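Contents: one structure, followed by commentary.
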Amino acid sequence: MILLKAEHIDKRFGITHAVNDVSIDINAGEIRALIGENGSGKSTFCQMLCGIYTLGGGTFTLDGQVMNVRNQVEANNLGVSIIVQEMGTLSGLTVAENIFLGHEDPFMHYGIKNSRAMIREAQKLLDDYGFSKIRAGAMIDNYNFEDRKLVEIVKATYFKPKILIVDETTTALSQNGRFELYKIMDAVRADGRSVIFISHDLGEVLEHCDTVSILRDGEYIDTVKSSDVNEDDLKRLMVGREIGSAYYRTDYGREISGEVVLSVKGVSVPGQIEDVSFELHRGEILGFGGLSECGMHEVGKAIFGASWDRTGSVTLSDGTNINDIPSAIRHSIAYASKDRDNESVILNESIRNNIILPSIDDLANSHILSGRKLNDFAEKYAEQMQTKMQGIHQFVSDLSGGNKQKVVLARWIGKDSDILVLDSPTRGIDVKVKQAIYALMSELSAKGKSIIMISEEIPELLGMSDRILIMKDGRINGSFMRSEALTEEDLIAKMV
């Protein structure tokens, strides 16, 4: 039985044809993957379905009813909900207020909101989902990126939508969080409802989805059964050609320079990391791994001077101490956060302004900025990263997740930073762009740039790192040199 019929769906943003005449049928009781390269139209298609964008053309018919939704609340009322790729909760509200945003009527009496009843109901939901550590009455701002994602899962599913859209959500979750989400997806399918699942992790797609629909450059390519294809088949359908075998590094035994470019000694951040010490060498790719809340993400912020309550020292080879973000940037340290939309880019600014921001002082001539020089600089590095865009004056908020990440990297490549702290650098990135980012990391390393790569993906750590530090409970719990004999099990043993 067809639950959702999408017919001739179309959407343009200026000259960009984001979704071009796409027709797809989704059956009741299935998990349908929607895959494609960054900018292929996946998220735009789903955001029209759930009311974030208006339809440019075509119709969605859900359970026999033509949908004409103007916003997410109307889509929710018809039975469509979404867990978005980036942050989908609102600061300044409690957890409970975020969960019931747009659906406050059951808690209103003569125009007055019964906050206590709302908190009580939200806490019951959180407890039922196994997320008891999150308190419904607390401000959402008290929680980290992953916990806020768990709140979004509750918000998107508690009312049992007919269609649940999961847009690159697993990249923000720990293994335990992913497991909980997979259970929810399976329950939706078992109940005769459907899931649209967007992911660049093709192994995850094949394991958890029944069927896979592929988009390329905004156009529908094909729908296949997961049981009939492998990852290479999906890559070929996504890209339109074979993906080369070069992906991770293939070299082993490379001698790391003895030159120390960064020394971290006794760094602690209350409640997050404790007594973290290590050295980073010239040209080294140093990987940090661990389970959720192990402290590895906080290490990146501490190095960049973004932790106001940090103790301990972060020192460059010339003796310079790094204690704040301006000092880090001035002394050639770059940082790309896992929370891309809130900490790595300025969404409501142009691609140009995002790229030039750290380099403005370098580009100024006697304190005078040349518009042409700024444009040329931004175009050079946006094109070097092969950013899909209408032009450098396009707002970053209009870009796909992968193209936002390209802007982040273009910013720091343009700055010519010597030390790059990359937190989850390939989160939400398609296979072709991943390949390009890994190649870029190897190229930068060969030029003597030093990279700290923080990653929740064990194959990425094994594939790209010269040395791996594993964190547990805020401390470094293991250290491994690059080796063909090193296995995932070796790393996991130090994580748990």
Side-chain angles (χ1 to χ4, degrees), residues 1-10 19 21-36 41-53 55 58-69 71-85 102-103 125 128-129 152-170 178-199 201-202 204-215 220-229 234 237:
M1 172 189 167
I2 296 174
L3 180 61
L4 176 71
K5 180 176 281 291
E7 298 177 283
H8 308 295
I9 304 301
D10 204 86
V19 178
D21 195 28
V22 169
S23 297
I24 297 175
D25 291 342
I26 295 175
N27 297 315
E30 78 166 327
I31 300 176
R32 171 72 62 88
L34 189 59
I35 68 170
K42 310 180 299 293
S43 292
T44 301
F45 175 90
C46 291
Q47 287 169 354
M48 285 189 284
L49 173 59
C50 70
I52 295 175
Y53 291 147
L55 264 172
T59 58
F60 287 113
T61 304
L62 177 62
D63 208 8
Q65 179 181 356
V66 174
M67 299 176 63
N68 292 299
V69 297
N71 53 55
Q72 281 184 263
V73 173
E74 290 184 1
N76 287 172
N77 291 337
L78 287 179
V80 179
S81 68
I82 185 170
I83 310 168
V84 296
Q85 179 179 353
H103 299 88
L125 288 170
D128 289 346
Y129 276 71
E152 288 178 53
I153 291 172
V154 176
K155 172 180 173 152
T157 59
Y158 78 88
F159 59 92
K160 297 189 179 299
K162 297 176 182 177
I163 300 283
L164 171 64
I165 302 167
V166 180
D167 188 356
E168 282 292 344
T169 304
T170 53
R178 293 180 190 191
F179 178 71
E180 294 300 326
L181 178 59
Y182 298 146
K183 286 200 302 185
I184 291 166
M185 290 165 53
D186 290 341
V188 170
R189 174 175 55 191
D191 198 34
R193 297 175 285 127
S194 301
V195 178
I196 299 176
F197 185 71
I198 300 177
S199 175
D201 185 333
L202 300 182
E204 177 182 56
V205 164
L206 292 175
E207 182 176 356
H208 295 283
C209 300
D210 303 302
T211 49
V212 185
S213 292
I214 301 96
L215 299 183
Y220 172 78
I221 300 301
D222 199 1
T223 295
V224 295
K225 290 183 178 179
S226 298
S227 57
D228 293 342
V229 292
L234 295 182
L237 287 166

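Given the structure is predicted, the values throughout are model-derived calculations rather than measurements.
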Distance, nearest 0.5 Å, that separates CG of D222 from CG of L237: 6.0 Å
Check ion pair K42-D167 (N to O, under 4.0 angstrom): no
Measure from the ring center of F45 to the ring center of Y220 and say whether it is less than 6.0 Å. no
Search all heavy atoms of E74 against all heavy atoms of N68 and return the closest pair with its distance. OE1-O, 3.8 Å
For a 4.5 angstrom cut-off between non-hydrogen side-chain atoms, does V224 reach L234? yes
Which distance, rounded to the nearest 0.5 Å, do you find between the CD1 of I83 and the SG of C46? 12.0 Å
Counting only N and O atoms by type, is there a donor-acceptor contact under 3.5 Å from the side chain of S226 to the main-chain atoms of C209? yes
Drop me the distance from M185's CE to R193's CZ, to the nearest 0.5 angstrom. 12.5 Å
Of all pairs that satisfy salt bridge (charged side-chain N to carboxylate O under 4.0 Å, His left out), the ones with a partner from residues 153-166, not counting sequence neighbours: D63-K162
Walk me through whether K5 and I26 qualify under side chain to side chain contact (heavy atoms under 4.5 Å, CB included). CA-CA 6 Å; K5 180 176 281 291; I26 295 175; over 6 Å; no
Could you tell me the separation between the CD1 atom of I24 and the CG atom of L34, rounded to the nearest 0.5 Å? 5.5 Å
Does R32 reach the main-chain N or O of D25 with its side chain, forming a donor-acceptor pair under 3.5 Å? yes
Should L4 and I196 count as side-chain neighbours, where that means a heavy-atom distance under 4.5 Å? yes
Do M48 and I9 have side-chain heavy atoms sitting under 4.5 Å apart? yes
Would the distance check show the side chain of N71 and the main-chain N or O of V73 forming a donor-acceptor pair, the cut-off being under 3.5 Å? yes
Would you check, one step at a time, whether the test side chain to side chain contact (heavy atoms under 4.5 Å, CB included) holds for L78 with Q65? CA-CA 9 Å; L78 287 179; Q65 179 181 356; 3.5 Å; yes
Heavy-atom count check: over 12 atoms from other residues, nucleotides or ligands less than 6.0 Å from F179 CZ? no
Nearest heavy-atom pair of A75 and C50: which atoms, and what distance? CB-O, 3.2 Å
Closest approach of H103 to Y158 (non-hydrogen atoms, all atoms of both residues): CB-OH, 3.7 Å
Separation between OG1 (T157) and CD1 (I184), nearest 0.5 Å, reads 5.0 Å
Test log, rule side chain to side chain contact (heavy atoms under 4.5 Å, CB included), inputs Q72 and V80: CA-CA 8 Å; Q72 281 184 263; V80 179; over 6 Å; no
Would you say the side chains of S23 and E7 form a donor-acceptor pair under 3.5 Å? no
4.5 Å side-chain heavy-atom contact, I163 and L62: yes
With distance as the sole criterion, is a donor-acceptor pair present between the side chains of E204 and Y182 under 3.5 Å? yes
Exercise: identify the closest heavy-atom pair between T59 and L55: CA-CD1, 4.4 Å
Of all heavy-atom pairs between A156 and S81, which one has the smallest distance, and what is that distance? O-OG, 2.5 Å
Drop me the distance from T211's OG1 to D228's CG, to the nearest 0.5 angstrom. 11.0 Å
Is the backbone of E30 close enough, under 3.5 Å, to the side chain of N27 for a donor and an acceptor to pair up by distance? no
Between I82 and I52, what is the shortest heavy-atom contact and its length? CG2-CD1, 4.3 Å
Any donor-acceptor pair under 3.5 Å linking the side chain of T223 with the backbone of S213? no
Check I221, I198, L202 against I35 for a side-chain contact (heavy atoms from CB on, under 4.5 Å) and give me the one that passes. L202
Does a salt bridge link D186 with K183, judged by any charged N lying under 4.0 Å from a carboxylate O? no
